[in-house]
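Okay, structure first, notes after.
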Amino acid sequence: MSDMRLSDEERQDALDVLSEHVRTGRLDVDEYGTRSAMVTAAKRVSDLEPLFDDLPSPRPSALLAVPRASTAVPVAGPPAGDSALMRFAIRFAVPIAVVVAIAVFVLTRGRLILVFALPLAVLLITGWRRR
């Protein structure tokens with residue numbers, strides 16, 4: 001694979017992945033600061049590789065296509081059922097449920113007040129969180 005140049009979106013993805021590693025305790029704030037400065041200055045995919053060699057998944061999308069020399073196990077892609085439509089549906093399930101609940105409440109002239117449990121049920125089922 002050729003050493004492709006990075007887009008702004010790929011750099012932002014790498015910064016988001018670094019943030020996740022800080023959140024889970026794999027990196028401290030000083031390491032994050034150093035690595036995030038290097039990500040911001042990175043021009044090519046090869047500039048990112050040493051910044052993530054010692055970290056497990058998640059990995060930046062730019063590195064998923066690059067085979068890792070440090071491990072014998074290939075990097076797996078997203079789960080088969082993890083389509084863009086499914087991610088969209090899960091992300092917006094609670095706001096859609098709120099709108100549906102309000103519409104049903106108005107259309108039934110207040111007779112189905114229990115419909116407001118629908119957003120809570122969707123929240124519990126999907127494990128929804130705003131990203």
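One is the number of the first residue; the rest follow in order along the sequence. Source: prediction; values computed, not measured.
- For the atom pair CG of Asp13 and CG of Asp8, the computed distance is 12.5 Å after rounding to the nearest 0.5 Å.
- Proximity of Pro56 to His21: side-chain heavy atoms (C-beta onward) are separated by under 4.5 Å at one or more points.
- A donor-acceptor contact closer than 3.5 angstrom links the side chains of Asp16 and Gln12.
- Under 4.0 Å is where a charged nitrogen must lie from a carboxylate oxygen, and between Asp47 and Arg44 no such pair does.
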If you apply the rule side-chain contact (heavy atoms from CB on, under 4.5 Å), what do you find for Glu49 with Leu63, and how did you get there? CA-CA 7 Å; Glu49 289 173 350; Leu63 294 180; 3.5 Å; yes
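- Residue Val106 is grouped with residue Val104 when hydrophobic side chains (ILVMFWY) are merged at heavy-atom distances under 4.5 angstrom, including chains of intermediate members.
- Between Arg35 and Leu51 the shortest heavy-atom distance is NH1-O, 2.6 Å.
- For the atom pair Glu31 CD and Leu55 CG, the distance stands at 8.5 Å (nearest 0.5 Å).
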Pair Val39-Leu6, side-chain contact (heavy atoms from CB on, under 4.5 Å): steps then yes or no: CA-CA 10 Å; Val39 166; Leu6 292 169; over 6 Å; no
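- The shortest non-hydrogen separation linking Leu48 to Ala62 is CD1-CB, 4.3 Å.
- Heavy atoms only, all atoms of each residue included: Glu20 and Pro58 are closest at CG-CG, 3.9 Å.
- Smallest separation of non-hydrogen atoms from Phe52 and Ala14: CZ-O, 3.7 Å.
- Among all heavy-atom pairs drawn from Arg5 and Glu10, the shortest one is O-OE1, 3.9 Å.
- Pairing each heavy atom of Leu64 with each of Arg59, the nearest pair is CD2-CB, 4.0 Å.
- Contact check for Glu9 versus Ser61: no side-chain heavy atoms found under the 4.5 Å cut-off.
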